[in-house]
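Input: a single structure, listed below in structure tokens.
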Amino acid sequence: MTTIEFETSLSDEEAAVRDTAHRFAEEVLRPVGRALDKMPDPEAVVAPDSPLWDVFARYRKLGVRDLDDTQSALEPSDRARVQSLVSEEMGWGDAGLAISLGVSQFPRTLARLSGNPELIERFGGDEVIGCWPITEPDHGSDQLIYAGRMHEMPGRPNCVARRDGGDYVIEGQKSAWVSNGTIATAAALFCAVQDSDGRISGPAAFLVPLEEPGVRRGAPLDKIGQRALNQGEIFFDQVRIPASYLVLPPELGPWSADSVLANANAGMGATFVGVARAALEMAVEYAKERVQGGTAIIGHQSVRARLFRMYRLTQAARALSRHTLVHNSATMPADIALAIASKVTATETAFEVASMALQIFGGNGLTRAYPVEKLLRDARASMIEDGCNEVLGIMAAGRL
Ligand SMILES: Cc1cc2nc3c(=O)[nH]c(=O)nc-3n(C[C@H](O)[C@H](O)[C@H](O)COP(=O)(O)OP(=O)(O)OC[C@H]3O[C@@H](n4cnc5c(N)ncnc54)[C@H](O)[C@@H]3O)c2cc1C
């Protein structure tokens, strides 16, 4: 598969990182992502003999996962450019695996940001697979709308932490949508804190080892898109952790909810630019091969018009995504409306471009023998992932 050269101004170092990430995406993420997508049983995706584990092992050796680390030697804006390149390649390879690998780093990142050697030792290790449980069975979009003011959220939280001497005790459950939920060894848990009078505050963020007594998992979720991304419920039955595992206290709730969402949405933007680019490339290649009316279909005007629209939308989404990452690397607090604009634009672009690619493939596009229908399913999930796009839009408009 030839890559359409989108880039005009990469430094030698940036081009080298991009090429490394692209090789990993092409040789590992794409073939494994397709194989996992075709498995009818989501339990098989995480079985001991699944190729998923090799993806994690090879990712650890790749040398790109600490790029968003504050201790990186790069200037923030250079780091943001590199993050944009790497995330796009990961999404180009396989969106579900890209998300799984990205979120697997979250406890590690929070541990490092805390500067606490005990947390770095416990959660910063190579083997940690992380997750970000925030949504709950009764509170999906509510977790966004009431971010930082959980005391105003209608209904009781499904998961709370209570202080008990030198510990916190966690009780309740998070939703079936937690990415890496059934395989994670550690959580960056965002949940409400309840005081002794029953008052709710937060969210607070805790680092929680998930191999402790009292932690239980649901079954891996069976869904139509991003099937390589393991998801499932996590139940906490009086799980006791030291108070030092609290990394973002409830008083910081509004700030931490915004910062994390801004980061996550900006990362989603770059990842789903990669999905759009993958669909565009597949469509161009197919249009050059498929002959109808005695000519390759790329010779037909309507096919050309469609390809140009796909190219234009993908380039526009990429420009916004990269601008967002670079802008937010130098902005504190991060511009959340901009991050949301990037996520919504890139995911809707990925969906539209994948849909147009499917049309160019004709009947073949509908079959599982060709790869575009998977991109369409993966992109569809992204419009709900990290917040439904319409709810994110309502939030962003409130910040203008
Ligand atoms: C692929 C994927 C990965 C995910 N990963 C994670 C993860 O790692 N961790 C995690 O905790 N969660 C994760 N999620 C969950 C995701 O954040 C939620 O699915 C999302 O926030 C929506 O919540 P919900 O599914 O409960 O839908 P609901 O909140 O029930 O929304 C249903 C519908 O109502 C609309 N709606 C709801 N409230 C409002 C409102 N106030 N105003 C207007 N419209 C409204 C929504 O737009 C939507 O159309 C993931 C989801 C997906 C699909």
Side-chain angles (χ1 to χ4, degrees), residues 33 36-37 42 45 91 94-107 109-110 129-147 149-150 152-155 157-159 172-184 186-192 202-203 205-206 208 210 217-218 220-236 256-257 260-261 263-265 267-268 271-272 275 340 343-344 346-348 350-351 374-398:
L36 297 177
D37 178 68
V45 169
D94 184 87
L97 290 174
I99 300 300
S100 178
L101 294 172
V103 77
S104 74
Q105 301 305 306
F106 194 24
T109 303
L110 282 185
I129 295 180
C131 66
W132 175 31
I134 175 165
T135 56
E136 301 178 349
D138 297 333
H139 306 287
S141 302
D142 285 358
Q143 294 286 351
L144 299 179
I145 301 280
Y146 296 94
R149 43 189 187 95
M150 292 191 82
E152 292 176 19
M153 191 168 75
N158 298 117
C159 181
Q173 80 169 95
K174 287 293 182 177
S175 80
W177 293 102
V178 176
S179 298
N180 292 344
T182 83
I183 59 171
L189 172 70
F190 279 57
C191 73
F206 298 90
V208 185
L210 294 178
R217 320 297 178 102
L221 198 65
D222 195 5
K223 59 191 194 292
I224 65 160
Q226 297 183 37
R227 290 177 61 79
L229 172 65
N230 165 265
Q231 293 181 284
E233 290 153 316
I234 307 180
F235 300 88
F236 300 91
S256 53
V260 172
L261 187 70
N263 233 317
N265 267 219
M268 285 282 291
T271 305
F272 284 87
V275 174
I340 289 173
K343 187 266 179 173
V344 172
T347 56
E348 291 184 358
F351 184 66
K374 172 180 179 293
L375 296 181
L376 187 71
R377 289 184 284 112
D378 288 350
R380 188 64 189 82
S382 72
M383 291 155 74
I384 296 169
E385 189 169 15
D386 269 6
C388 291
N389 282 359
E390 58 278 29
V391 169
L392 289 169
I394 291 167
M395 276 182 75

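Both counts, for ligands and for their atoms, begin at 1 and track the order of listing. Start at 1 with the first residue, then count along the sequence.
- Here the protein heavy atom with the shortest distance to atom 22 (C) of ligand 1 is Cys388 SG, 3.7 Å.
- Among all non-hydrogen protein atoms, the one lying nearest atom 19 (O) of ligand 1 is Ile384 CG2, 3.7 Å.
- For atom 27 (O) of ligand 1, the closest non-hydrogen atom of the protein is Ser141 OG, 4.2 Å.
- By the definition of a contact as any protein heavy atom under 4.0 Å away, atom 32 (C) of ligand 1 is not in contact.
- Judged by distance alone, the side chains of Asn180 and Ser104 never bring a donor and an acceptor atom under 3.5 Å apart.
- Contact annotation: the side chain of Phe236 approaches that of Val208 to within less than 4.5 Å [non-hydrogen atoms, C-beta and beyond].
- Atom 1 (C) of ligand 1 has as its closest protein heavy atom Glu385 CD, 3.4 Å.
- The part of Glu390 lying near ligand 1 is the side chain, judged by heavy-atom distances below 4.0 Å.
- Interface atoms of ligand 1 facing Ile394, defined by a heavy-atom separation under 4.0 Å, are 42 (N), 43 (C).
- Nearest heavy-atom pair across Leu392 and Gly387 is CD1-O, 3.3 Å.
- Scanning the protein heavy atoms around atom 24 (P) of ligand 1, the nearest turns out to be Gly140 CA, 4.0 Å.
- The two residues Ala188 and Pro107 have their closest heavy-atom pair at N-CG, 3.9 Å.
- In terms of polar-atom proximity, Trp132 is counted as a contact of ligand 1, with an N or O under 3.5 Å from an N or O of the ligand.
- Looking at Lys223 against ligand 1, nothing comes within 4.0 Å, counting heavy atoms.
- A 4.5 Å side-chain heavy-atom check between Phe351 and Leu376 finds at least one atom pair inside the cut-off.
- Of all protein heavy atoms, the one closest to atom 40 (C) of ligand 1 is Val391 CG2, 4.2 Å.
- The shortest N/O to N/O separation between His139 and ligand 1 does not fall below 3.5 Å.
- Atom 41 (N) of ligand 1 has its nearest heavy-atom neighbour, among Leu261, Val103, Ile145, in Ile145.
- In terms of modelled atom types and a separation under 3.5 Å, the side chain of Glu136 and the main chain of Lys174 share no donor-acceptor contact.
- The nearest protein atom to atom 12 (N) of ligand 1, hydrogens excluded, is given as Thr135 OG1, 2.8 Å; this is a heavy-atom distance.
- For Ala379 against Phe272, the heavy-atom pair with the smallest separation is CA-CE2, 4.3 Å.
- No side-chain heavy atom of Trp177 sits less than 4.5 Å from a side-chain heavy atom of Ile134.
- By the definition of a contact as any protein heavy atom under 4.0 Å away, atom 7 (C) of ligand 1 is in contact.
- The aromatic rings of Trp132 and Phe106 stand perpendicular to each other, their planes meeting at an angle above 60°, with 30° marking the opposite boundary.
- The shortest N or O to N or O distance between Ser179 and ligand 1 is below 3.5 Å.
- Salt bridge status for Arg227 with Asp222: present, with a side-chain N to carboxylate O gap under 4.0 Å.
- Of the polar atoms of Trp177, at least one N or O is found under 3.5 Å from an N or O of ligand 1, judged by distance alone.
- Lys343 places a side-chain N or O within donor-acceptor distance of the main-chain N or O of Ser382, the cut-off being under 3.5 Å.
- Met268 and Thr347 make their closest contact through CE-CG2, 4.3 Å (heavy atoms, listed as atom of the first residue, atom of the second, distance).
- For atom 2 (C) of ligand 1, the closest heavy atom belonging to the protein is Gln231 NE2, 3.2 Å.
- Under a 4.0 Å criterion applied to the non-hydrogen atoms of Gly387, ligand 1 contributes the atoms 17 (O), 21 (O).
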